[in-house]
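The sequence lines fix the lettering, A, B, ..., with proteins before strands; numbering per chain opens at 1.
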Protein chains: 2
Amino acid sequence: MTIMPDTRSAAIDLGDLPRQLDYALRRAQLVLAQDLSAALEPVGLRPLQVAVLSVLRGNPGLRQSEIGAALGIRPANLVPLIDELERRTLAERRPIPADRRANGLFITPAGSAAHAKARACIDAHEVRFAARLRAGGKDQLLNLLGRLANPA
Amino acid sequence: MTIMPDTRSAAIDLGDLPRQLDYALRRAQLVLAQDLSAALEPVGLRPLQVAVLSVLRGNPGLRQSEIGAALGIRPANLVPLIDELERRTLAERRPIPADRRANGLFITPAGSAAHAKARACIDAHEVRFAARLRAGGKDQLLNLLGRLANPA
DNA sequence: TATTGTTATACTCTATAACTATA
DNA sequence: TATAGTTATAGAGTATAACAATA
């Protein structure tokens, strides 16, 4: 459980913080991440693991380097992540004959099943938070966040 | 340096990820946090330390428990943070006669000076990223993020 | 009994550097 | 020589549990 800022007690002067994008982002990101992690607990997967499965589902045979580039995860950090997915037989590494340095990554049937369950949790989570916004607010937000993340 | 997702190579299918709030938040938050941390490097402070100084500046004598509640930091995690600020004489703990369990926290002149420098860095950072949005985009974004972070 | 601050500890995500085996 | 994956390690931020001093 995260400790959330006390937004009610106007007694405390937060200065410029409420006008800072990074502060607002940190707060919102933390709330969402906490909720999503809790929502995924029944499935036993963390958000990042689900993200990897999502990409694997749409791109069978992808190399680790490619997944890392797509999701913004460094090769060194991707290794233990894939290790665990493989240990739980949710994904597997297969040798690539053409390049024996690289691995082709594949989601397994068990991985697809887990991913489907995770998707349901995530969808519910998304609906839950979209409800906090006005109609069209989610699209607006995704647009704004995309602009921030991309130099454009 | 963070590895950012490859948004250009449309070769890879990211599935539902681009439509997920938590994923968009994670990406944007990471970009902003990285940039801000780098921007604050000359001052030698991390964003969270500056946040504490900001609150201290507007609320001299605040207790640790109150700062923690305001910023969403647990008491146990606040201790080393304050320790370092105190070690660098940017803030100080003073005993509270009325309650000898608690500390009153105060920003020092050196702390105010450091905070002023940090503010300039943060303002520049904010301008830099607000420029990625349309006019009024920042206010829109702050509004949406506030709604997400707050249940109501 | 409850609260304030503290210690100790663990987990997640991110980061760098250096290694191996291939290419 | 460059690349793919790996190992080892470190730093932030966040989390819990348990304790001492005080209320």
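Taking side-chain N and O atoms only, B/Arg93 has no distance below 4.0 Å to OP1 or OP2 of C/dT4.
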Under 3.5 Å, which protein N or O atoms sit close to an N or O of nucleotides 1-4 of chain D? Give each pair with its distance.
unit_1 : atom_1 : unit_2   : atom_2 : d
D/dT3  : O2     : A/Arg101 : NH1    : 2.5

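The distance between atom CD1 of B/Ile67 and atom P of C/dT4, rounded to the nearest whole Å, is 14 Å. A straight line from CG of B/Leu78 to C1' of C/dT6 spans 11 Å, rounded to a whole angstrom. The separation between A/Glu86 atom CD and D/dG5 atom C1' is 13 Å, rounded to whole Å. Rounded to an integer number of Å, the gap from CD of A/Gln49 to P of C/dC11 is 15 Å. The distance from atom CD of B/Gln29 to atom C1' of C/dT14 is 12 Å, rounded to the nearest whole Å. In this entry the distance linking CG of B/Leu25 with C1' of C/dC13 reads 16 Å, nearest Å. Distance B/Arg100 CZ to D/dT22 P: 5 Å, rounded to the nearest Å.
Comment: B/Glu92 engages B/Arg94 in a salt bridge, judged by a side-chain N to carboxylate O separation of less than 4.0 angstrom. A salt bridge links B/Asp139 and A/Arg19; the closest N-O separation between the charged side-chain nitrogens and carboxylate oxygens is under 4.0 Å. For B/Asp22 and B/Arg27, the salt-bridge test fails: no basic side-chain N is under 4.0 Å from an acidic carboxylate O.
For A/Arg93, the side chain to side chain donor-acceptor pair (under 3.5 Å) partners are A/Gln64, A/Asp83, A/Glu86, not counting sequence neighbours. Applying the salt bridge (charged side-chain N to carboxylate O under 4.0 Å, His left out) test to B/Asp99 and every residue at least two apart in sequence or in another chain returns B/Arg63, B/Arg101. For the ring pair (Phe, Tyr, Trp, His ring centres under 6.0 Å) test, residues two or more places apart in sequence or in another chain that qualify with B/Phe129 are B/His125. By the salt bridge (charged side-chain N to carboxylate O under 4.0 Å, His left out) test, B/Arg88 pairs with B/Glu84, sequence neighbours left out.
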Point to revise | Nucleotide-resolved protein contact map, nucleotides 12-18 of chain D, B/S/- at heavy-atom distance under 4.0 Å | key: SSBBBB-
Practice item. Tell me, with the steps shown, if B/Ile107 and B/Leu85 meet side chain to side chain contact (heavy atoms under 4.5 Å, CB included). Key: CA-CA 9 Å; B/Ile107 191 169; B/Leu85 291 180; over 6 Å; no
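Summarising the geometry, atom CG belonging to A/Leu21 is positioned 5.5 Å from atom CG belonging to B/Leu141; distances are rounded to the nearest 0.5 Å.
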